[in-house]
Amino acid sequence: MEMQPRLGNEFLVPQSQYNPLNEPSPLGLRLRKSPSLLELAQKRLNQSNADKGDSSTENPEAETKRDSKAKTRARASNSIDKLKASHFPASLLRIGRWEYVSKHEGDLVAKCYFSKHKIVWEVLDGGLKKKFEINWADIVGLKANCAANGPGGLTIVLDKPPLFFKEINPQPRKHTQWRSTADFTDGEANTQRQHFLQCEQGVLDKHYEKLIQCDARLNFLSQQQDIILNFPFFSPQTSINDQNMSANAVFNIPEFYGISHMASPSALLNYPPRTVESGSLGLIHQDISKEAQSSSSGTFSTIQMMIE
């Protein structure tokens, strides 16, 4: 019979009881899982889990709402960025006294790029394309007339002139290459703030709805009342930040932009337009009357006096 190791006159417990891992123990002590030890271990474990839970779920409802809003914004942003550009034909584009009239479908095309936040008017001139590029952020007035029994019209008012581009090195079945160019409307697009686009019946509707649903600011502008353009011309190149402004100066933004409430495009122009047909765009020399210049000059002088 195998004898147990002992210390003094006392026999020690069997090795299988005090050493469950079958590892040598120099003292031969046995760890007993007493109820008090188990209770203490469970208490410490519960406390540790409670501390971790408090730090991560301090306000479960608020955290859930934040996560939900963040996911909604992310989905909306991704869905807008993934939207394909809208292309639709138009029949007429009017900027000030300059007009372009389409004779064949494709001569005048409106495009809306949702990921780039841009609107483009593209015209065909002598076999080469030219385009106006407008940033959504530069639009300060927006109104559409989607008539049920006639052509549709889109009117936009800009805070800055558009960018101008012309096609270079055209090649069949190749992407169009563009190069920046000068204003090809003889200065009308560089001075006139309002653009008017006309489309055949039913063409504009779905593209316009898609546009205003993708941008909250444009949606807001589209819901405003009809606009009367008090200042049809862009302000002088001198920035308002360069003026000696009083610290107490107060501005009414719609009045500063010259926008009250929008009327029909025809009511905004007091002089007849000059028409350019597709294929014969060219440059049209337009002399603004002295009366219009005087009125515009007086308006801007008034603004400057108010600022000073």
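- How far NZ of K143 is from CD1 of I156: 14.5 Å, rounded to the nearest 0.5 Å.
- In this structure, K210 and L83 have side chains that are in contact, with non-hydrogen atoms separated by less than 4.5 Å.
- The shortest distance between side-chain heavy atoms of F164 and S180 does not fall below 4.5 Å.
- At distances below 3.5 Å, not a single donor-acceptor pair connects side-chain atoms of Q177 with backbone N or O atoms of N169.
- Separating the CD atom in E209 from the SG atom in C214 is a distance of 11.0 Å, to the nearest 0.5 Å.
- The main-chain N or O of D215 is never found under 3.5 Å from a side-chain atom of N219 such that the two would form a donor-acceptor pair.
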Report the C-alpha distance between V101 and S91 in whole Å, list the side-chain angles of each, state the deciding distance to 0.1 Å, and finish with yes or no for side chain to side chain contact (heavy atoms under 4.5 Å, CB included).
CA-CA 6 Å; V101 178; S91 56; over 6 Å; no
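- Here the straight-line distance linking atom CG of L204 with atom CG of N145 works out to 9.0 Å at 0.5 Å rounding.
- Under the 4.5 Å side-chain contact rule for hydrophobic residues, L142 and F234 share a cluster.
- Cluster annotation: V120 is not connected to F184 through the hydrophobic network of ILVMFWY side chains, with a link wherever side-chain heavy atoms come within less than 4.5 Å.
- F233 is not listed as a side-chain neighbour of N190, based on a closest heavy-atom distance of 4.5 Å or more.
- Under the 4.0 Å criterion applied to side-chain N and carboxylate O atoms, R94 and E99 are assigned as salt-bridge partners.
- The CD atom of Q213 lies 8.0 Å from the OG atom of S222; values are rounded to the nearest 0.5 Å.
- Judged as a salt bridge (Lys or Arg N to Asp or Glu O under 4.0 Å), not a single pair has a partner in residues 36-48 (not counting sequence neighbours).
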Decide yes or no on side chain to side chain contact (heavy atoms under 4.5 Å, CB included) for V109 and F88, but give the supporting numbers first.
CA-CA 6 Å; V109 179; F88 56 97; over 6 Å; no
Does the pair L218 and L211 meet the rule for a side chain to side chain contact (heavy atoms under 4.5 Å, CB included), with working shown?
CA-CA 8 Å; L218 295 183; L211 171 64; 3.8 Å; yes
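- Looking at heavy atoms from C-beta onward, V157 lies out of side-chain contact with I139 at the 4.5 angstrom threshold.
- Annotation: side chain of K131 is not in contact with side chain of W121 (no heavy-atom distance under 4.5 Å).
- Around atom NZ of K160, no more than 12 heavy atoms belonging to other residues, nucleotides or ligands sit under 6.0 Å away.
- If you take CG on L93 and OH on Y100, they are separated by 9.5 Å, rounding to the nearest 0.5 Å.
- More than 12 non-hydrogen atoms from other residues, nucleotides or ligands lie less than 6.0 angstrom from CD of E167.
- D183 approaches A189 most closely through the heavy-atom pair OD2-N, 3.5 Å.
- Taking SG from C199 and CD from Q201, the interatomic distance works out to 12.0 Å, rounded to the nearest 0.5 Å.
- Classified by interplanar angle (parallel below 30°, tilted 30° to 60°, perpendicular above 60°), the ring pair W136/F114 is perpendicular.
- Judged by distance alone, with hydrogens and angles left aside, the side-chain atoms of D205 form no donor-acceptor pair with the main-chain N or O of C146 at under 3.5 Å.
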Take K130 and T181 through the side chain to side chain contact (heavy atoms under 4.5 Å, CB included) test and state the conclusion after the steps.
CA-CA 9 Å; K130 294 181 179 180; T181 187; 6.0 Å; no
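- Heavy atoms only, all atoms of each residue included: Q192 and G96 are closest at CG-CA, 3.5 Å.
- Neither I134 nor W178 shares a network with the other; the hydrophobic side chains, linked directly or stepwise wherever heavy atoms of I, L, V, M, F, W or Y lie under 4.5 Å apart, form separate groups for each.
- Salt-bridge check for K111 with E122: passed, with a basic side-chain N closer than 4.0 Å to an acidic carboxylate O.
- In terms of hydrophobic clustering, with Ile, Leu, Val, Met, Phe, Trp and Tyr side chains grouped at heavy-atom distances under 4.5 Å, V140 and L229 are assigned to a common cluster.
- Contact of the P162 side chain with the E133 side chain is not registered, since no non-hydrogen atoms from C-beta on lie closer than 4.5 Å.
- Cluster annotation: L221 and L154 are assigned to the same hydrophobic cluster (Ile/Leu/Val/Met/Phe/Trp/Tyr, side-chain heavy-atom contacts under 4.5 Å, transitive).
- A 4.5 Å side-chain heavy-atom check between P170 and L128 finds at least one atom pair inside the cut-off.
- Here the side chains of D138 and N135 are in contact, with some heavy-atom distance below 4.5 Å.
- With a 6.0 Å cutoff to the six-membered ring centre and a 45° limit on the axis angle, K118 does not count as a cation-pi contact of Y113.
- Taking the six-membered ring for Trp, W98 and F132 have ring centres closer than 6.0 Å.
- Between the S48 side chain and the L45 main chain, no donor and acceptor come within less than 3.5 Å of each other.
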